[in-house]
Amino acid sequence: MNTYKLVVQTIQNGKITGNASLSVGANSTMEARQKFMASHPPTATKKYKIVACAKQ
């Protein structure tokens, strides 16, 4: 398993409200993205956009 760094934008009511950088343990970039999206489901007013995903 590898560590992947994700850069994520928080979008609230159609506006970008923040950026975050975090690390996820996964076997591929796709799995890292899926793990993040599974633990951060979109809501009616807030969603997340993965801007970058790279192996550490």
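Computed from a predicted model, the values in this text were never measured in an experiment.
- The hydrophobic cluster around Tyr4 extends to none of the other residues, as no ILVMFWY side-chain heavy atom falls under 4.5 Å of it.
- Apart from Leu22 itself, the hydrophobic cluster it occupies contains Leu6, Val8, Val24, Phe36, Met37, Tyr48, Ile50, where clustering links Ile, Leu, Val, Met, Phe, Trp and Tyr at side-chain heavy-atom distances under 4.5 Å.
- Scanning both residues, Gly25 and Met1, for their nearest heavy atoms gives C-SD, 3.6 Å.
- Every salt bridge (charged side-chain N to carboxylate O under 4.0 Å, His left out) that Lys35 has, sequence neighbours left out, goes to Glu31.
- Residues Lys46 and Thr10 meet the side-chain proximity criterion, which asks for heavy atoms closer than 4.5 Å.
- Minimum interatomic distance between Cys53 and Ala32 (heavy atoms only, all atoms of both residues): SG-CB, 4.1 Å.
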